[in-house]
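Presented below is the structure to which this report refers.
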Amino acid sequence: MDNMTLKENDGVKEGVDQETVDAVREVGGKYKYGWSTDIEMEYAPKGLTPDIVRLISEKNEEPEWMTEWRLAAYDRWLTKKEPDWAMVDYPEIDFQDQYYYARPKSMAEKPKSLDDVDPKLLDTYKKLGIPLKEQMILAGVEGAEDAPAEGRKVAVDAVFDSVSVGTTFQEELKKAGVIFCSISEAIREHPELVRKYLGSVVPVSDNFYATLNSAVFSDGSFVYVPPGVRCPMELSTYFRINAENTGQFERTLIIADKGSYVSYLEGCTAPQRDESQLHAAVVEIIIEEDAEVKYSTVQNWYPGDENGKGGIYNFVTKRADCRGDRAKVMWTQVETGSAVTWKYPSCILRGDDSQGEFYSIAIANNMQQADTGTKMVHLGKRTKSRIVSKGISAGKAQNTYRGLVSMHPKAKESRNYTQCDSLLIGSECGAHTVPYIEVKNNSSRVEHEATTSKVDDDQMFYCRSRGMDEEEAVALVVNGFCKDVLQALPMEFAMEAQALVAISLEGSVG
Amino acid sequence: MLSIKNLHVKLEEEDKQILKGVDLEVEAGKVHAIMGPNGSGKSTLSYVLSGKDGYEVTDGSATLEGNDLLDLEPEERAAAGLFLAFQYPVEIPGVGNMTFLRTAVNAQRKARGEEEMSAADFLKEIRAKAKDLKIDADMLKRPVNMGFSGGEKKRNEILQMAMLEPKMCILDETDSGLDVDAMKLVAEGVNALRTEGRGFLVITHYQRLLDHIKPDVVHIMSDGRIIKTGGPELALEVENNGYADILAEVA
């Protein structure tokens, strides 16, 4: 493709659209995102030492305080042990056999025009289904901001291996006062915000993986929404692990100041590789008085093959702190990928009348293992939380819901409702529900409902007798089972998630 | 259209023969009724024809327009034009009735190598057909058969039949659990679908459904065989005298 004509030539645009359309059609294949991009990478040496931590910090042109913060985290990490209480089983990880930093060589210098961008990187965006305009902006094409947008505007930050390769719609967001950029940029440009909030929700010493992330995170996204501002568009981050033997440690920090609102989407993919890859992210969200944050994830990291070879180890710490009164947070996650998932997006309901919601679909097929759930920590008065979890197990997979609801003594008249449903497909998989409930005052109410069911033979026959094949029938029944959660997703994501449910259950019947 | 020859079927799990040599020809444009006492194998016949698991065909054949049905998956039989209206329609939580039907219609079209039906065309068609069956918009949106009354479930089966436009329709005790008004509505729905090219096999215990859906041929089934075949008057005979006389007659 001739890069120069990209922005004017409508024919090219159609071509790209066609490719996207084709990509969607190809979902009949196996893991859709299983390609890797052959781009020259710049690696730091394998293993983790204080020098590597300094190198990462230096590569990101960080100030001294940040380097010190990382080094302190590294020291803490050395004293910590990997948690072993989750219902997951995987070979021991050699943390010295990982690359902690990799980035596309062409990004060593920020591109001035599209000519400077590796065309393979552009190809990657296309395959990810990132709209053309966003591709152009991500690639740094001059004037791309003025090009006509396709469909609804979604600002995108793409993180390719360890490095944020670009953020779209920055100007437009700036007009509204919203800061949306890579965290490395935020550390340089908005140090006062980062210093104030980084590590304030997930402390450096929180857990093994969070501590590791604090030492070596190389990039991620940063959002600040000023008081009273409703973010004019949805913000979105695409994470992609590309390089082999590379851990991805992204760090996301979202601050919703008083009375503001933002909806944030996160999508993840990785190529198909025989070696397992490590992913340990931290997401911190701060929600001030009367502010609201919606955080949606479609996690589709490579799950490994049918025999459990390869796949991503996904050890993620996500936490939202409702600091102000009447603050609200809603986590929605569709977890279909990864070989091993260890993830509990949590809500600290500190402000009085604050609210936390958690909607989750976790699908584990073949040899996948998922141990996921949430923590609702009620500290403020009249705080409310709601948990809706749908776990689907197929093949030989193990799927565990693990959730904590804690009502502290001062959290008077607080309420929680938990609904936890498991669906089994076939007879070799497992579903487990592990609720932890602590109530330390006598005016709060906690409700927990749990069900376990199987995809019924009669349902399957009914669907098939109407013309659907087995896979269509399972996808339909499972999507019905997940409906409450799918409805909580933003429109575009809901469509993607439905298709993903179908893809991730391929081969689970018959 | 539908041709069944010497069909022998046993349960897969146990050594129990259910069908012991069924012969039946349903011509296009004709309505055949099968009556018979409980346990005679009527429902088994409908399940075996549509491909439900749990049965083993030990002898004989069943073809639809020359296609060997017994060799096909249930969805392939559906795409070939076979439709079974269930005695007990199945509930599917969370799946909208309309979504279910649209998925089914397009799955069949895809299997036949036809274009998928656009959302707009589908909506237009289903609304018109639902109206005829007095199915309101709310029922189209609700999850498949969830919380439907007996009558609503059966009308919903007929709506599916109308949308899928099969060549050969099997109705398995569609009258069971229906009051007179609901039965009339269902029968009207079926009668509206009677065309020259379409065959019907109506399985029922009672004559009363056949007052509304007038059969061309009536078969009596007992102990896994069709023991008597006649015109509509045969159904009346059963209504008046029960099965005992007919059973005694052939014994």
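Labels below follow one simple rule: chain letters A, B, ... track the order of the sequence lines, proteins then strands, and each chain is numbered from 1.
- When heavy atoms are compared at a cutoff of 4.5 Å, A:Cys463 approaches chain B by way of both its backbone and its side chain.
- Using a 4.5 Å cut-off between heavy atoms, B:Ile92 contacts chain A through both its backbone and its side chain.
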Check chain B against chain A and list any donor-acceptor pairs under 3.5 Å.
| residue | atom | partner | partner atom | Å |
| --- | --- | --- | --- | --- |
| B:Glu73 | OE1 | A:Arg464 | NH2 | 2.6 |
| B:Glu75 | N | A:Arg464 | O | 3.4 |
| B:Glu75 | OE1 | A:Arg464 | NE | 2.7 |
| B:Glu75 | OE1 | A:Arg464 | NH2 | 3.0 |
| B:Glu75 | OE2 | A:Arg464 | NH2 | 3.4 |
| B:Leu84 | O | A:Arg466 | NH1 | 2.9 |
| B:Leu84 | O | A:Arg466 | NH2 | 2.9 |
| B:Glu91 | O | A:Gln459 | NE2 | 3.1 |
| B:Gln108 | NE2 | A:Arg466 | O | 3.1 |
| B:Asn145 | ND2 | A:Tyr462 | OH | 3.3 |
| B:Glu157 | OE1 | A:Arg466 | NH2 | 2.7 |
| B:Glu157 | OE2 | A:Tyr462 | OH | 2.3 |
| B:Gln160 | OE1 | A:Arg466 | NE | 2.4 |
| B:Gln160 | OE1 | A:Arg466 | NH2 | 3.3 |
| B:Gln160 | NE2 | A:Tyr462 | OH | 3.1 |

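- Using a 4.5 Å cut-off between heavy atoms, B:Pro89 touches chain A through backbone and side chain atoms alike.
- Applying the side chain to side chain donor-acceptor pair (under 3.5 Å) criterion to B:Glu56, with sequence neighbours excluded, gives no partner residue.
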